[in-house]
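Each chain gets a letter, A, B and so on, in the order the sequences are listed, and its residues count up from 1.
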Protein chains: 2
Amino acid sequence: MAIRKPTITDVARTAGVSKGLVSFALNDKPGVSPETRKRILEVAGDLGWRPSLSARSLSTRTSFALGLVIRRKAEVISADPFFPAFIAGVESALTEEGRALVLSVVPDAEAELRTYRTLAGDNRVDGVFLTDLRENDERFAVLADLGLPAVALGHPTGRDDMPFVQVDDTHGIASAVEHLVSLGHSRIAHVAGDPMMMHGGRRRSSFDEAMREAGLDPSLVIDTDFSASNGADATKRLLDNSHPPTAIVYANDPMAIAGLGVAQQRGLRVPADLSITGFDGTDISGYVFPALTTITSDPVEWGMVAARTLLELIGSGSAESVELPPASLLIRASTGPAPSDSGHHAAHR
Amino acid sequence: MAIRKPTITDVARTAGVSKGLVSFALNDKPGVSPETRKRILEVAGDLGWRPSLSARSLSTRTSFALGLVIRRKAEVISADPFFPAFIAGVESALTEEGRALVLSVVPDAEAELRTYRTLAGDNRVDGVFLTDLRENDERFAVLADLGLPAVALGHPTGRDDMPFVQVDDTHGIASAVEHLVSLGHSRIAHVAGDPMMMHGGRRRSSFDEAMREAGLDPSLVIDTDFSASNGADATKRLLDNSHPPTAIVYANDPMAIAGLGVAQQRGLRVPADLSITGFDGTDISGYVFPALTTITSDPVEWGMVAARTLLELIGSGSAESVELPPASLLIRASTGPAPSDSGHHAAHR
DNA sequence: CTGAAAGCGCTTACAG
DNA sequence: CTGAAAGCGCTTACAG
């Protein structure tokens, strides 16, 4: 005889009550006396009853799962150290709630929207995280249409109907610029991220602002797609300039590491000839030579808080947005005093 | 009036048949005439019917989802470029099948086993991928006990009851050693991975074998946990040796990059004073200076094939194991001829 | 080839 | 405070 998993009926029978009452006890609903509830829960425990997720899903239209849809080309996904850490944070908040995370990695916009529709249509998730916010993001309309609760990572500009969890990264970029200015740099460039992504755009505009405040020319900016390859190319273009920068602020660590590689290949000493800052504080950034000055945030914490916020939104219908501690500058060895003769780099080897 | 999603009852009514027949048509079961099936499917299309996943789950005990449980400390997860790429590959095979991926990231062994139990008990997934195979892996027993279908990544030694998808990485390590030997190196060290993990152990033993075959001393090996931090420490220990190696074979790229950083910090020229090889062929490895000679595999492909194999196993009860093309050596700039005076490095700057 | 009915394991009004 | 029953939307024997 196969070992049949106990059902609510078994619990009801051995506890001598109706199935309905077991359900009430399970869900902490009013209408069942404390003693009865206690007895029911005991019996359930003895029998090893685990209420069936599918059955609960069918009657409550709840999936007890959260969704994360990541739109990245497969070749690039590994370069981004953010998601694994973010997901680890999300998990830490979900496990204790008995929820699961459904993850989708999609290559393009069309697949992305289709995935949200499928996730909602299949009742696969009760809510989703919205990452990589873009300007005029089509996803807001789709999610509203689907009635799918969502929490945004970062502040969706021009929308106050969706709770968000934000890390202020403008502060980090500003302090990187200030740090470089205090070291005597005046020609500072920015290898920006994707301008279509809000956090890319925001880092860029805070660079712009910080440079203006220092009375410096903020025009040395190159947009990228956040990939190491783009970071290397941008660095080459900047260094090919007739009047090249003495410092480069990168929008993420992989690009900064690629930039470091380009500089070294050209025989430039970092930081003697060129100062470099990254963004994210990835593990590896501390082990390249010279160790990268970077701007650190805490993606694990971010994931945990985002998950809690989404659960709150799903449970109660509304949730407060959260502002996490701002990203902060971690000064290591890749930044130093501006070269005295800032117009001419050391000759290439 | 709210827009109610159509159900099987709606389809049956407008098609003028019973619910049972609609179900048969949907699931391609015999017993429904071609014309009737066609008409039913048309009506379903017109109505925009999407069969309810929860209802199907409840009656078939199928979740239409696959599970991946990753055991990593949150701090380390970002350093591993394997999983995001692997997951992207899995997704590409799942989307067309209407399946989803449930992901769990857990910190330790206890949470790992608990997660498999919950996933199975909740009928959250129909099968799982088994990664980071270990010696005497407790998971085999638990999965068998739970009756949860699984596909292993890499060959589970001493088990022929579980299908696996394997990339032969011994070949890659061997060719790295041969490459270095052909460049005149004789003191070659290995910064190995976690000896408790099968792929760590396998890379180590193939290093051992390749060295012996070349008639060289294979004893310069240091175990690590695969982290950049461990990679840096191991490199320091090796270089502190009174008779240091002229080449180091690392078990993954992050450790190799960290090792490169250590070497450069000590004023060693790579590859003039020290040759270095990585493992994985990560995006960033091509952009450090000098560009890393590494051993590439294709984790995206791996994910796709593993997903197909798992679906096959779930669908038919058995699946053939797959051997993927072996990892191959990608020679770039971090390896070069052994220094002529191999006993003494260039003086530190 | 087709229909009517029971069942999957929960939740939730509705009576008492 | 408790019980009996209908319902969630499918699937699957069982009859015809």
What is the distance from CG of B:Leu21 to C1' of D:dT12, rounded to the nearest Å? 13 Å

In Watson-Crick or G-U wobble terms, with both distances under 3.5 Å, the base opposite C:dA13 is none

Do the rings of B:Phe86 and B:Phe83 sit parallel, tilted or perpendicular, given the 30° and 60° boundaries? perpendicular

Please report the distance, rounded to the nearest Å, between CZ in B:Arg13 and C1' in C:dG3. 16 Å

Without decimals, in angstroms, what is the distance between A:Asn27 CG and C:dG9 C1'? 13 Å

Respond yes when some side-chain nitrogen or oxygen of B:Arg56 is under 4.0 Å from OP1 or OP2 of D:dT11, and no when none is. yes

Taking only Lys NZ, Arg NE, NH1 and NH2, and the carboxylate oxygens of Asp or Glu, determine whether A:Glu42 and A:Lys38 approach each other closer than 4.0 Å. yes

Could you check whether A:Val22 gets within reach of a base, just the sugar-phosphate, or nothing at all, counting any heavy atom under 4.0 Å? nothing

Less than 4.0 angstrom between a side-chain N/O of B:Ser23 and OP1 or OP2 of D:dT11, yes or no? yes

Parallel, tilted or perpendicular, as decided by the 30° and 60° cut-offs, for the rings of A:Phe164 and A:His155: parallel

OP1 or OP2 of C:dC8 less than 4.0 angstrom from a side-chain nitrogen or oxygen of A:Thr7, does that happen here? no

Looking at every strand, decide which applies to B:Ser52 at a 4.0 Å heavy-atom threshold: base, sugar-phosphate, or nothing. sugar-phosphate

Would you say B:Thr118 and B:Arg124 make side-chain contact, with heavy atoms under 4.5 Å? no

For B:Lys29, which contact category applies under a 4.0 Å heavy-atom criterion: base, sugar-phosphate, or nothing? sugar-phosphate

Counting the atoms with a prime plus P, OP1 and OP2 as sugar-phosphate, which does B:Thr36 contact under 4.0 Å by heavy atoms, base, sugar-phosphate, or nothing? sugar-phosphate

For A:Arg50 and C:dG9, is the shortest distance between a side-chain N/O and OP1 or OP2 below 4.0 Å? no

Looking across every strand, which nucleic acid part, if any, lies under 4.0 Å from A:Thr60 by heavy atom: base, sugar-phosphate, or nothing? sugar-phosphate

Integer-rounded Å distance: D:dT11 C1' and A:Leu58 CG: 12 Å

